[in-house]
Amino acid sequence: MKSFELPNGFTYDDYLRKSVYERFEYFIECEIIEFSKEKTKKFYEKRIESELFFIKINKLAESFLILSDVIKKAVENKARVSALYPFNW
């Protein structure tokens, strides 16, 4: 499997967390995520933490980072990644 090159000072889990929260803030700014009485920012953050915990205990962070990198490169090369994921990286 291809290795994902980390910036200095990061573990795979730390870098994935940073990337996820950057994307989460982007989705909020672009109003891609809509908050409601039930689905507050706290609700989404709790879900993110739950997913990140699962990824960490199963040692999957590097795989998720590799997949993210592949998708970014496909989008940069104007490949259609998915109709369900039309957002720019």
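For reference, positions follow the sequence shown, starting with 1. This is a predicted model, so every value here is computed, not measured.
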About how many Å separate CD1 of I28 and OH of Y21, when rounded to the nearest 0.5 Å? 10.0 Å

Any salt bridge between R17 and E51, counting N to O under 4.0 Å? no

Out of curiosity, E45 CD to S50 OG, how far, rounded to the nearest 0.5 Å? 13.5 Å

Does atom CD (E22) have a neighbourhood of more than 12 heavy atoms from anything else shown, all under 6.0 Å? yes

Donor-acceptor pairs under 3.5 Å, side chain of residues 37-44 to any protein atom, not counting sequence neighbours: which ones?
from	atom 1	to	atom 2	distance (Å)
T40	OG1	K42	N	3.4
T40	OG1	F43	N	3.2
K41	NZ	E25	OE2	3.3

Can you tell whether the side chains of D14 and K18 come within less than 4.0 Å, N to carboxylate O? no

Test side-chain contact (heavy atoms from CB on, under 4.5 Å) applied to F64 and V20, step by step: CA-CA 11 Å; F64 274 83; V20 166; over 6 Å; no

Hey, could you give me the CG/CG distance between L60 and D13, rounded to the nearest 0.5 Å? 9.5 Å

S19 to L65 - nearest heavy-atom pair and separation: OG-CD2, 4.5 Å

Taking every heavy atom of P7 against every heavy atom of Y15, the minimum-distance pair comes out as CG-CE1, 3.4 Å

Does atom OH of Y12 have more than 12 heavy-atom neighbours, drawn from other residues, nucleotides or ligands, at distances under 6.0 Å? yes

Let me confirm one number: the CG-CD1 distance from L52 to I48, rounded to the nearest 0.5 Å. 7.0 Å

T11 and L6 have their tightest heavy-atom pair at C-CD1, 3.7 Å

